[in-house]
Amino acid sequence: MRGNGASGKRAKRAAARDTRAHSRLVVEGTKQAPARAMLRAVGFQDADFARPQIGIASTWANLTPCNMHIAELAREAAAGVDAAGAKSVLFNTITVSDGISMGTPGMRYSLVSREVIADSIETVVGAQGFDGFVAIGGCDKNMPGCAMAIARLNRPAVFVYGGTIRPGAQHRDIVSVFEAVGARAAGKISDDELREVERTAIPGPGSCGGMYTANTMASAIEALGLSLPNSSAQEAVSDAKRDDCRRAGEAVVRMLEAGIRPRDILTRKAFENAITVTIALAGSTNAVLHLLAIAHEARVKLRLDDFTRIGRRVPVLADVRPSGRYLMSELIAAGGIQPLMKMLLEEGLLHGDCLTVTGRTLAENLSGVGTYIAGQGIVRPLSDPIKKDSHLVVLYGNVAPEGAVAKITGKEGLRFEGRARVFDGEEAATRAILGGAVRAGDVVVIRYEGPRGGPGMREMLSPTGAIMGRGLGDKVALITDGRFSGGTHGFVVGHITPEAAVGGPLGLLRNGDVITIDAEKKVIHADVSAAELRRRRAAWKPRRAHATEGVLAKYARLVSSASLGAVTTRVEESTRGSRA
């Protein structure tokens with residue numbers, strides 16, 4: 001493996017490094033005979049006790065297509081570790097399905113699962129004394145959860161993306177089903193037509209097929225340097241993905257030998273690369289939340305305003321769903337994201353000197369990458385962007401004094417003004433939309449869905465899918481202290497902070513208030529005087545907590561603001577506020 005300019009420091013570390021620094025404490029010496037006895041029962045041979053131990057963190061579960069195949073991929077990664085001379089040990093963590101729980105109380109557990117996954121990987125790797133690990137994720141929250149654990153533990157590690165699903169019949173995917181529900185409510189399709197969409201949209205294993213949160217985060221994590229080149233752009237069921245897993249197992253052993261740790265890779269420049277690639281790909285708003293959280297674990301100071309700063313100079317180039325036409329499988333066939341990254345690097349929009357898990361820099365990894373196949377039409381040249389600056393717009397104003405995140409590609413327009421239709425919770429809003437009570441010109445306000453108030457910051461794909469299905473996508477705006485699925489499109493603003501549950505202004509809005517959203521001025525403003533807001537605040541009372549026991553209650557007590565990544569590990573007081 002070859003390093004970058006800091007290779008001398010790492011070479012000294014490697015020369016002095018004990019590649020068994022953690023596992024040695026578990027398996028060596030007379031007093032550790034009980035540990036060895038138990039490990040022999042799970043397959044360890046004498047020689048294995050002298051090898052570094054590498055954990056394989058699998059997010060396999062048979063409850064979602066995103067993860068149903070990951071057990072096989074974990075075995076491939078383990079084979080790569082063993083072939084490289086270390087000892088692999090497989091273990092599992094949890095996953096939940098956003099697509100299945102969407103629009104139900106169960107969705108409150110989605111963002112919570114990110115923290116549980118990070119905590120559980122830390123727990124197993126720490127308890128078992130693994131010297132490094134491979135983490136394999138395939139759905140929205142287990143991917144950033146894996147990356148957070150990698151950053152937190154700072155032991156040699158490689159992330160592997162489980163891969164994207166193939167398109168369903170007639171170019172369908174999961175968002176097609178959500179929007180068909182809205183179309184059925186509007187009488188545009190029949191029950192039989194809805195059932196046919198339902199039966200054909202999801203053909204097998206893999207994560208949701210557009211540039212939704214899973215494919216966005218896979219691309220961002222590759223841009224961070226935590227996964228092997230091209231890991232983000234492979235179908236779930238493919239020889240390429242199986243090979244990626246084997247090579248990841250080998251790579252983590254090489255990292256261990258070279259003394260490369262995740263925080264050598266997770267620099268501020270690396271996060272800027274991830275933001276750049278996310279913008280160019282028209283990625284999910286969830287990337288803002290998750291990159292802030294991963295940066296927090298890596299001890300890198302990242303702020304909401306960094307997305308604005310980078311977004312001024314990075315264009316949207318990929319014509320991908322949900323706002324565009326193409327699915328991830330089609331981008332893979334055209335060449336994946338590596339040619340895009342090469343193009344961005346050549347234009348000075350990426351930091352090429354960032355180290356990656358290959359032991360090489362980003363520029364070195366991209367040196368042999370060619371251009372896209374002729375006529376592919378999915379990724380535009382920098383001279384002809386879909387949007388000249390970012391679609392991820394951070395807004396401030398009297399509705400969101402600590403910031404909010406909008407996803408505005410320009411197709412929806414850049415400014416919206418309308419009267420508030422206020423709903424306390426997602427269910428009431430969805431009923432009103434499907435029932436025809438929401439009309440053109442409305443700004444749908446969904447509150448008490450933030451990290452604490454939800455709790456869990458549910459995604460609003462059901463109401464936004466209903467809006468699109470009813471043909472109101474360019475006629476209605478939706479704002480919330482909750483989140484949006486990567487599959488959401490339309491004029492939407494989420495992550496509003498402070499959230500309503502802690503007394504944020506969103507909780508003070510009333511039906512009929514005129515709300516202006518201006519993506520160019522980066523403002524979200526309610527036409528309500530400061531004096532009137534003070535009067536409303538004096539009369540405001542906190543809502544009764546949704547959860548008083550269990551993991552949701554624990555999460556609500558610990559979680560930080562969405563503007564800080566909604567993390568549950570300690571946030572220093574000096575970092576509070578997006579502009580601190």
Side-chain angles (χ1 to χ4, degrees), residues 4-5 211 215-233 265-284 287-288 291 295 300 302 305-320 323-326 328 330-356 358 360-394 407-411 519-520 522:
N4 62 3
M211 192 52 65
N215 283 317
T216 296
M217 287 312 301
S219 302
I221 291 170
E222 180 175 332
L224 278 173
L226 286 185
S227 57
L228 295 177
N230 217 39
S231 180
S232 67
I265 295 167
L266 293 173
T267 62
R268 182 172 176 82
K269 284 184 177 181
F271 282 96
E272 291 182 348
N273 285 346
I275 293 170
T276 296
V277 169
T278 297
I279 292 169
L281 288 170
S284 167
V288 178
L291 288 172
V300 171
L302 196 67
D305 290 346
D306 290 319
F307 290 82
T308 299
R309 174 178 57 83
I310 295 168
R312 290 192 186 104
R313 60 188 178 88
V314 178
V316 176
L317 300 175
D319 186 13
V320 288
S323 56
R325 294 176 290 170
Y326 295 99
M328 190 66 180
E330 294 164 302
L331 178 57
I332 291 169
I337 74 164
Q338 291 272 294
L340 169 67
M341 293 175 67
K342 179 72 171 288
M343 183 165 54
L344 294 169
L345 177 68
E346 290 175 344
E347 291 295 320
L349 295 174
L350 289 178
H351 302 289
D353 59 341
C354 289
L355 182 67
T356 73
T358 65
R360 294 158 56 93
T361 64
L362 182 71
E364 289 171 331
N365 288 343
L366 294 172
S367 61
V369 173
T371 59
Y372 283 110
I373 62 172
Q376 46 86 29
I378 303 172
V379 177
R380 293 192 187 179
L382 283 156
S383 59
D384 182 30
I386 292 170
K387 189 172 185 285
K388 64 181 177 60
D389 54 7
S390 181
H391 65 302
L392 299 176
V393 183
V394 177
K407 183 178 184 180
I408 300 174
T409 65
K411 293 181 179 180
E520 292 187 304
K522 297 178 172 54

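Here I386 contributes atom CD1 and L317 contributes atom CG; the two are 7.0 Å apart, rounded to the nearest 0.5 Å. Put simply, CD1 on I265 and CG on L226 are 6.0 Å apart, with the number rounded to the nearest 0.5 Å. L281 contributes atom CG, which lies 11.5 Å from atom CD1 of I378 (distance to the nearest 0.5 angstrom). Distance check: E364 CD to T356 OG1 gives 8.5 Å after rounding to the nearest 0.5 Å. Summarising the geometry, atom CG belonging to L224 is positioned 6.0 Å from atom CG belonging to L291; distances are rounded to the nearest 0.5 Å. To the nearest 0.5 angstrom, S232 atom OG is 8.0 Å from I332 atom CD1.
Heavy-atom minimum distance, S219 versus M328: OG-CE, 4.5 Å. Closest approach of V320 to A282, counting heavy atoms only: CG2-CB, 4.4 Å. Between A274 and A223 the shortest heavy-atom distance is CA-CB, 3.8 Å. Residues K269 and C354 approach most closely at CB-SG, 3.5 Å, considering heavy atoms. Contact detail for T361 and G352: the closest heavy-atom pair is CB-O, 3.3 Å. Closest of all the heavy-atom pairs between V300 and T267 is CG2-C, 4.3 Å.
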Exercise. Evaluate the criterion side chain to side chain contact (heavy atoms under 4.5 Å, CB included) for residue pair N215 and L331; output intermediate values, then yes/no.
Key: CA-CA 11 Å; N215 283 317; L331 178 57; over 6 Å; no
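In this structure, the side chains of M211 and T216 come closer than 4.5 Å at one or more pairs of heavy atoms. Using a 4.5 Å cut-off on side-chain heavy atoms (C-beta onward), S390 and I310 make no contact. Using a 4.5 Å heavy-atom threshold, the side chains of S367 and R360 count as touching. Contact annotation: the side chain of V316 never approaches that of T409 to less than 4.5 Å [non-hydrogen atoms, C-beta and beyond]. Between V277 and L350 the shortest side-chain heavy-atom distance falls below 4.5 Å. Put simply, the side chain of K522 reaches to within 4.5 Å of the side chain of V393, judged on heavy atoms. Side-chain contact between L228 and T358 is present, with heavy atoms from C-beta onward closer than 4.5 Å.
When atom types are taken as modelled, the side chain of H391 and the backbone of G283 share a donor-acceptor pair closer than 3.5 angstrom. Formation of a donor-acceptor pair under 3.5 Å by the Q376 side chain with backbone atoms of I373 is not found in this model.
Each of V288, V314, L302 was evaluated against I275; a single residue qualifies, L302, per the side-chain contact (heavy atoms from CB on, under 4.5 Å) test.
In terms of the side-chain hydrogen bond (donor to acceptor under 3.5 Å, both in side chains) criterion, residue partners of D306 (sequence neighbours excluded) are, by chain and number, R268, R309.
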Solution key, residues 334-349 side-chain donor-acceptor pairs under 3.5 Å, sequence neighbours excluded:
unit_1	atom_1	unit_2	atom_2	d
Q338	NE2	E222	OE2	2.6
K342	NZ	L366	O	3.4
K342	NZ	V369	O	2.9

